[in-house]
Number of protein chains: 2
Amino acid sequence: MTASINDVAQAVGVSASTVSRALRGRPGVSDEVRDRIAAVAAQLGYTASRSASSLASGRTYTIGVLVPYVGRWFFGTVLDAAEKVFSTAGYDVLLYNLGSPETRKRFFTKLPVRKRVDAVLSLLIPDDDESAALRSLGVPLATTVGGTRPGFTVVGIDDRAGTESAVRHLVNLGHRRIGMISGASGPLHWTTPIERRNAYLDVLAEAGIEHDAALEADGDYTVEGGERAMTELLAASRPPTAVFAQSDEMAMGALRALRRHRLKAPDDVSVVGFDDHELADVVGLTTVAQPVAEQGAEAARLLLRQLDEPGAEPPRHVQMPIRLVLRETTAPPRPRGPQ
Amino acid sequence: MTASINDVAQAVGVSASTVSRALRGRPGVSDEVRDRIAAVAAQLGYTASRSASSLASGRTYTIGVLVPYVGRWFFGTVLDAAEKVFSTAGYDVLLYNLGSPETRKRFFTKLPVRKRVDAVLSLLIPDDDESAALRSLGVPLATTVGGTRPGFTVVGIDDRAGTESAVRHLVNLGHRRIGMISGASGPLHWTTPIERRNAYLDVLAEAGIEHDAALEADGDYTVEGGERAMTELLAASRPPTAVFAQSDEMAMGALRALRRHRLKAPDDVSVVGFDDHELADVVGLTTVAQPVAEQGAEAARLLLRQLDEPGAEPPRHVQMPIRLVLRETTAPPRPRGPQ
DNA sequence: AATATGAACGCAAACGCTTGCGCAACAAGG
DNA sequence: CCTTGTTGCGCAAGCGTTTGCGTTCATATT
């Protein structure tokens with residue numbers, strides 16, 4: 001079928017080992033022979049079989065990437081950036097889309113990446129068993145989502161600081177009834193919703209605002225969930241004048257709910273999101289921005305570094321900057337008159 | 001390190017070949033032995049090395065997926081759906097993110113998928129050389145984006161019908177100055193923008209509207225591009241009263257441009273998009289919906305079928321339904337008075 | 001009872017690379 | 001001129017599977 005290393009060796013008149021060394025830049029080959037080999041290899045369109053070379057060397061030059069939902073903006077963006085880093089370093093990426101419990105379970109029991117990847121980047125938080133399974137692979141591990149786990153190097157953001165800036169912004173605007181749309185219903189070990197909720201409660205307390213449980217609703221990190229949650233909040237006996245959504249997608253759902261109720265942001269209720277989604281600007285959403293692509297790229301780089309320097313102790317936790325970006329969905333509450 | 005097939009064989013007291021046959025459901029193993037092998041394999045946590053088995057068998061149980069931009073909604077959604085189909089069939093997916101010309105070039109010259117995949121799903125349109133390179137792999141090929149290529153089975157939509165319904169909608173509303181934001185600047189062989197443009201021109205002609213070149217602008221299929229394009233159109237001596245954007249992302253960019261100009265849709269200008277993006281509903285965008293995830297899933301299924309029945313002639317082209325979904329960014333033109 | 005027929009299993013040869021080791025050949029050092 | 005290195009290359013043993021073929025043995029066939 002396609003040319004093998006022996007075909008090249010034969011054509012050049014050297015042994016297969018020399019071809020192997022020459023093509024991979026290993027020492028022990030004269031420049032002259034190396035050039036001839038390169039020429040013949042190019043002419044024959046030879047590429048080493050990955051299966052064969054990884055079987056022989058143990059290195060796969062492949063990274064496993066675990067993602068809950070490839071289709072969602074956040075994960076897609078992280079994946080995009082990470083893939084670029086990996087591929088320019090000569091690594092391929094094996095993608096596992098582990099959104100549903102079944103596929104997730106299947107993955108962790110069969111562990112199809114065993115002996116197949118040199119490292120894994122997990123965009124989901126593994127529970128104890130799952131992370132033990134991953135550690136059993138004996139390869140470097142990284143994740144870009146909240147919740148540090150032993151054996152993983154995690155790159156993330158300061159969730160507390162981020163939500164504090166968002167909620168304080170609302171407080172400073174004069175809001176007292178501040179709702180929150182959270183995403184608590186996710187898997188366990190996923191600390192982000194909890195961190196953000198705690199920060200939310202802290203800011204309220206610090207502002208002397210009493211917490212009202214009727215002002216919290218679960219939006220499941222989706223647009224539809226955000227819409228449902230906002231609808232729920234609007235049905236409260238005393239609805240909020242402002243809401244903090246733990247993700248832009250939920251915030252957008254909230255905006256949709258407002259529109260359905262013939263209410264407007266920020267006139268009737270202020271809304272602030274989290275992420276700085278690609279389309280947040282389109283809808284004028286005030287939000288706390290996090291460097292999503294950069295997190296993916298950085299996690300990828302850290303993984304590659306671990307592969308280059310097997311000895312070195314990998315960084316445990318790196319934090320990326322966040323910042324509040326003010327747009328048009330937040331304003332002072334109305335009841336007290338215009339401006 | 002991890003258990004090999006010989007470890008299992010030894011533990012059970014049979015040969016490696018029997019273990020191999022047993023675990024893969026091949027005939028020639030008694031039920032009793034098969035059960036014992038399964039038990040021991042499970043206990044030892046044995047999983048066959050993919051490198052070794054694909055080297056030996058030639059089958060990789062891996063599909064290569066080529067994507068221009070994983071981070072964009074359309075591609076992310078297609079990928080998500082396709083991956084699900086592949087993974088439930090026991091196939092892994094190798095992801096190649098080929099957005100930039102360099103990575104794309106590198107991919108097609110080095111062809112890292114050679115001997116590494118059983119099939120490839122391309123979410124980008126290869127040019128002649130590229131598609132020849134892919135065909136040289138000798139595996140089934142499919143694509144989900146416009147522009148049929150020899151050797152590929154393509155699943156897509158009727159671009160003509162889709163844009164006709166969109167533009168006719170604007171015509172029926174009474175618009176005469178109808179602009180278009182296209183994405184012509186993409187790679188060659190990408191027939192979608194051309195198809196859509198032709199359909200746009202045809203509808204105008206059929207309505208007796210003279211075509212005005214100043215009413216067309218390139219939006220590059222991005223939000224920013226759409227914004228630029230709309231800005232450009234608004235600067236025309238006689239701006240459009242309605243615009244058809246070839247993608248929802250460009251349409252959203254257009255909406256943003258309108259907002260920046262203190263104009264409103266549909267009051268000042270009607271906007272219709274294409275795709276039915278996840279967030280089209282949030283911004284109330286009228287658009288022509290296409291079944292994005294279904295296209296990915298269907299393409300994946302067709303590929304798998306070709307792997308199952310190597311003899312059969314694969315379908316060349318399958319078309320999925322589209323439909324116009326009316327929301328709030330289209331209305332009759334204003335000049336003629338209210339309603 | 002002798003033979004044919006399968007079923008169940010083992011042997012050993014691939015699959016296409018990588019890599020430790022050995023062996024020339026040649027340059028430099030005494 | 002004989003060592004001692006060094007450089008350039010080939011040999012051959014893996015890496016962990018799959019699979020064609022051969023062997024054994026129990027069962028069915030005449």
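Side chains are part of it too, since the values below use all heavy atoms of this structure and drop only hydrogens, waters and symmetry mates. Reminder, nothing fancy here: chain letters follow the sequence lines and each chain counts from 1.
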Kindly list each side-chain donor-acceptor pair under 3.5 angstrom involving residues 291-299 of chain A, sequence neighbours excluded, with atom names and distances?
unit_1: A/Gln295; atom_1: NE2; unit_2: A/Gln290; atom_2: OE1; d: 2.7
unit_1: A/Gln295; atom_1: NE2; unit_2: A/Pro291; atom_2: O; d: 3.4
unit_1: A/Glu298; atom_1: OE1; unit_2: A/Arg301; atom_2: NH1; d: 2.5

Filter on side-chain hydrogen bond (donor to acceptor under 3.5 Å, both in side chains), then keep only pairs touching residues 66-76 of chain A, sequence neighbours left out; what's left? A/Trp73-A/Thr77
Can you tell me how far C1' of C/dC15 sits from NZ of B/Lys115, to the nearest Å? 8 Å
With sequence neighbours left out, write down each residue that passes salt bridge (Lys or Arg N to Asp or Glu O under 4.0 Å) with B/Glu313, or none if nothing qualifies. B/Arg316
Which residues pass the salt bridge (Lys or Arg N to Asp or Glu O under 4.0 Å) test with A/Glu278, not counting sequence neighbours? none
Is atom CD of B/Gln319 surrounded by more than 12 heavy atoms (other residues, nucleotides or ligands) closer than 6.0 Å? yes
Sort out for me which residue in B/Leu111, B/Leu94, B/Leu137 forms a side chain to side chain contact (heavy atoms under 4.5 Å, CB included) with B/Arg116. B/Leu94
Pair A/Phe86, A/Leu303 - check side-chain contact (heavy atoms from CB on, under 4.5 Å), show working. CA-CA 9 Å; A/Phe86 287 136; A/Leu303 239 22; 4.1 Å; yes
Give me the first and last nucleotide of DNA chain D, going 5' to 3', that has any atom under 4.0 Å from a heavy atom of chain B. D/dG16 to D/dG20
Heavy-atom nearest nucleotide on DNA chain C taken for A/Ser51 and for A/Arg26; more 5' hit belongs to A/Ser51
DNA chain D contacts among residues 4-22 of chain A, heavy-atom distance under 4.0 Å: A/Gly13, A/Val14, A/Ser15, A/Ser17, A/Thr18, A/Arg21
Kindly write out the residues that satisfy ring pair (Phe, Tyr, Trp, His ring centres under 6.0 Å) with A/Tyr46, not counting sequence neighbours, or none if the list is empty. none
Do any N or O atoms from the side chain of B/Gln306 and from the backbone of B/Pro140 form a donor-acceptor pair under 3.5 angstrom? no
Between C1' on C/dT18 and CG on A/Leu55, what's the gap in Å once rounded to a whole number? 10 Å
Set of residues satisfying ring pair (Phe, Tyr, Trp, His ring centres under 6.0 Å) with respect to B/Tyr91, sequence neighbours excluded: B/Tyr61
To the nearest 10 degrees, the angle between the two end axes of the helix from C/dA1-D/dT30 to C/dG30-D/dC1 (five pairs per end) comes to 40°
Got a sec? Which of residues 29-49 of chain A come in under 4.0 Å of DNA chain D, heavy atoms? A/Val29, A/Ser30, A/Val33
Side chain to side chain contact (heavy atoms under 4.5 Å, CB included) partner of B/Thr60, chosen from B/Leu55, B/Asp118, B/Asp92: B/Asp118
Taking only residues two or more places apart in sequence, or in another chain, which ones meet B/Tyr96 in a ring pair (Phe, Tyr, Trp, His ring centres under 6.0 Å)? B/Phe107
For B/Glu32, which residues count as a salt bridge (Lys or Arg N to Asp or Glu O under 4.0 Å) partner, sequence neighbours excluded? B/Arg36
